[in-house]
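As the structure is a prediction and not an experimental result, all values here were calculated from the model.
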Amino acid sequence: MTTMPDAPQQRWITRHVTYRLPVIGRMAREVVDGPVDNAFAAIFGIVAAIASAVLMFGYPALIFVGLAATALMFITLVRITLG
């Protein structure tokens with residue numbers, strides 16, 4: 001009986017570029033490849049950063065976060081559509 005070779009792992013260019021960034025790359029790799037607790041810590045950090053920005057800068061910071069979220073959702077939908 002023959003065995004099938006493993007399918008090549010698909011690499012996204014966004015992961016490749018993100019992992020090469022000095023500070024963000026290390027955190028992104030820990031969230032993706034690390035334990036589940038790292039993902040919850042990242043979510044908590046993002047929410048805390050948004051809350052701090054809204055407290056310091058007010059309504060414009062909230063608008064900026066909304067615009068950034070819109071761009072990220074658009075990119076996500078394009079990636080889902082491409083397969």
Using the rule that Ile, Leu, Val, Met, Phe, Trp and Tyr join whenever any side-chain heavy atoms are under 4.5 Å apart, tell me whether L67 and Y59 fall into a single cluster.
yes
Residues pairing under salt bridge (charged side-chain N to carboxylate O under 4.0 Å, His left out) where one sits in residues 17-29, two or more places apart or in two chains, turn out to be R26-E30
Please find the pair of heavy atoms, one from N38 and one from V31, that lie closest to each other, and give the distance.
O-CG2, 3.9 Å
The side chain to side chain contact (heavy atoms under 4.5 Å, CB included) partners of V65 (sequence neighbours excluded) come to I50
Output a table of donor-acceptor pairs, distance under 3.5 Å, between side-chain atoms of residues 69-78 and any protein atom two or more places apart or on a different chain; print 'none' if there are none.
from	atom 1	to	atom 2	distance (Å)
T70	OG1	G66	O	2.9
T76	OG1	L72	O	2.8

Closest heavy-atom pair and its distance - A61, A53
CB-O, 3.5 Å
Would the number of heavy atoms belonging to other residues, nucleotides or ligands and lying under 6.0 Å from CZ of F64 be above 12?
no
Rounded to the nearest 0.5 Å, what separation is found between the CG atom of D33 and the OH atom of Y19?
4.5 Å
